[in-house]
Protein chains: 2
Amino acid sequence: MGRPGSVRTATKLHGMPKEAQPRECSIADTLDLVGERWSLLVIRELSHGVRRFDGIVLNTGASRDILTARLRKLEAAGIIRRERYSDHPVRFEYHLTPAGVELCDVLITLMRWGDRHLHPDDPPVRWQHSCGEVLDAMVICRHCGGEARVGAHSPTGRGVKAGNTPHMETAE
Amino acid sequence: MGRPGSVRTATKLHGMPKEAQPRECSIADTLDLVGERWSLLVIRELSHGVRRFDGIVLNTGASRDILTARLRKLEAAGIIRRERYSDHPVRFEYHLTPAGVELCDVLITLMRWGDRHLHPDDPPVRWQHSCGEVLDAMVICRHCGGEARVGAHSPTGRGVKAGNTPHMETAE
DNA sequence: CAAGAGGGTTGGAGTTTCCAACTAACCCAA
DNA sequence: TTGGGTTAGTTGGAAACTCCAACCCTCTTG
């Protein structure tokens, strides 16, 4: 797990392999924690109120051994918490931590994309927002309230590298 | 790729394996398209304006064969478009389609989570929103404008199953 | 003509994942 | 007490996926 390389000795044989230098990036770092198969579905289940091992197996379709590994990793990352709810037959259930609850923003945007592009007429699940309406989510800029969308902005910071931005359109 | 099962014949030997019945869900369906390793980083690169094969290899760290496979799959899904920009040395570059641009919402929420939880003091990349401020994203309900967050809502629809919601808290 | 650049393929090794069965610890019912 | 059921995992072996480095082919440039 985790990306391997960092500083490899450039062997350079017939055409300088041109060392990969992955961009520093919170997207990649977050995906290192929750980007493996099943992890986000585990979080989906916890957000649906399913907290037990067998329930998660049943609703996701993950195999039990992999699920065990994912739960351990999410716990180590502070995204879920394992709680003993019975002592004598020792039994546990899983809960989202506050950091885990914040990941639901990712689930919501994934769901919205899938609803729009894969199930335009019949979303399989609808969330009711506290305002009473069916939740239709949108990502905005906290400062101005306008819609946020990457293509329209320009990035700055350590993770931005020079020389590989041939021509900047707003996509399409 | 794609989940296998669907209807398996329940063999039921010593304890009724309790057939997994994965929830119908746009989150899972979207992850089937973009949830494999590297796919979202490819979309990140395109949104940064990097459009060529070698540039994507360099900035993500993906191996070339896997990158080829991901690009083909994203193209088949209508998320990216492959465009010939030179005929004689036949050369291509990749662009986000409108559906691909919409996936940037997912990237933004992943980035925000990583910035908050993994790099609280020094986000590696900052996006400047068109309003001039550094983008600080938030997911809201389009109807009321209030913050959206799954834990606080209740789901309905085909993908919701009875009997596995032991006790519904708002997480934590 | 030799070296790149660009956009891939290919082969083989290494790593993950899947599947189905099995365990252990307890509860209940007959 | 025998038999089952529930819960939370383990385990072993096969299948699938990834990684890496090298190789290919077509231009273009020096």
Side-chain angles (χ1 to χ4, degrees), chain A residues 1-6 8-20 22 32 35-39 41-42 45 50-58 60-73 75 80 82-94 163-164 166, chain B residues 1-6 8-20 22 32 35-39 41-42 45 50-58 60-73 75 80 82-94 163-164 166:
Chain A
M1 302 176 182
R3 288 156 295 166
S6 39
R8 272 180 301 124
T9 36
T11 10
K12 178 183 190 167
L13 281 189
H14 80 106
M16 167 71 152
K18 212 191 268 173
E19 295 281 330
D32 280 346
E36 288 168 306
R37 203 177 173 197
W38 309 118
S39 293
L41 298 186
V42 167
E45 288 309 309
V50 177
R51 312 209 176 289
R52 300 190 184 172
F53 193 89
D54 281 2
I56 299 172
V57 166
L58 198 68
T60 59
S63 48
R64 312 173 72 80
D65 51 348
I66 299 299
L67 181 61
T68 301
R70 294 291 180 274
L71 288 168
R72 294 294 169 271
K73 182 168 179 179
E75 189 186 6
I80 67 178
R82 188 195 203 217
E83 214 158 81
R84 172 181 303 219
Y85 70 88
S86 156
D87 278 316
H88 268 268
V90 182
R91 298 259 184 287
F92 302 94
E93 54 186 25
Y94 296 92
N164 44 27
Chain B
M1 301 168 188
R3 288 154 296 164
S6 37
R8 273 179 302 124
T9 36
T11 10
K12 179 183 187 165
L13 284 188
H14 79 107
M16 168 72 150
K18 210 190 269 172
E19 296 279 332
D32 279 347
E36 288 167 308
R37 202 176 172 197
W38 309 118
S39 293
L41 298 187
V42 167
E45 287 309 308
V50 176
R51 312 208 177 291
R52 300 190 183 171
F53 193 88
D54 282 2
I56 298 172
V57 167
L58 197 67
T60 59
S63 48
R64 312 172 71 79
D65 52 348
I66 299 298
L67 181 62
T68 301
R70 294 292 180 274
L71 289 168
R72 295 296 168 272
K73 181 169 180 180
E75 189 184 7
I80 67 177
R82 187 193 203 217
E83 213 158 82
R84 174 180 302 220
Y85 69 88
S86 155
D87 278 316
H88 268 270
V90 182
R91 298 255 185 290
F92 302 94
E93 54 185 23
Y94 296 92
N164 45 30

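Reckoned from all heavy atoms, side chains included, excluding hydrogens, waters and symmetry mates.
Atom CG of B:Leu67 is separated from atom P of C:dT9 by 11 Å (rounded to the nearest Å). A straight line from CD of B:Glu36 to P of C:dT17 spans 12 Å, rounded to a whole angstrom. When the P atom of C:dG7 is taken as reference, atom CZ of B:Phe53 falls 9 Å away, rounded to whole Å. We find that CD1 of B:Ile66 is positioned 19 Å from P of C:dG7, with the value rounded to whole Å. Between A:Asp54 atom CG and D:dT10 atom P the separation is 13 Å, expressed in whole Å.
A:Leu67 places a side-chain heavy atom less than 4.5 Å from the side chain of A:Phe53. By the 4.5 Å heavy-atom criterion applied to side chains, B:Arg64 and B:Asp54 are counted as neighbours. Within the 4.5 Å cutoff, no side-chain heavy atoms of B:Leu71 are placed close to those of B:Arg82. The shortest side-chain heavy-atom distance between A:Arg52 and A:Tyr85 falls under the 4.5 Å cut-off. With contacts defined as side-chain heavy-atom distances shorter than 4.5 Å, the pair A:Ile66/A:Arg70 qualifies.
Contact check, A:Arg82 against D:dG9: a side-chain N or O comes under 4.0 Å of OP1 or OP2. The phosphate of D:dC19 (OP1 or OP2) has a side-chain N or O of B:Trp38 nearer than 4.0 angstrom. Under 4.0 angstrom from either OP1 or OP2 of D:dC17 there lies no side-chain N or O belonging to A:Arg37. The phosphate of C:dG6 has neither OP1 nor OP2 within less than 4.0 Å of any side-chain N or O from B:Arg51. Between A:Tyr85 and D:dA8 there is a side-chain polar atom (N or O) within less than 4.0 angstrom of OP1 or OP2. Residue A:Tyr94 places no side-chain N or O under 4.0 Å from the OP1 or OP2 atom of D:dT7. Between C:dC27 and A:Arg91, no contact under 4.0 Å exists linking OP1 or OP2 to a side-chain N or O. A sub-4.0 Å separation between OP1 or OP2 of D:dG9 and a side-chain N or O of A:Arg72 is present.
Along DNA chain C, the nucleotide nearest to A:Asp65 and the one nearest to A:Val90 differ in position, and the one closer to the 5' end is contacted by A:Asp65. Heavy-atom distances to DNA chain C give each of B:Phe92 and A:Ser63 a nearest nucleotide, and the one nearer the 5′ end belongs to B:Phe92.
A:Arg84 comes within 4.0 angstrom of no nucleic acid atom, judged by non-hydrogen atoms across all strands.
A:Arg52 contributes no side-chain N or O that forms a donor-acceptor pair with the base of D:dA8 under 3.5 Å.
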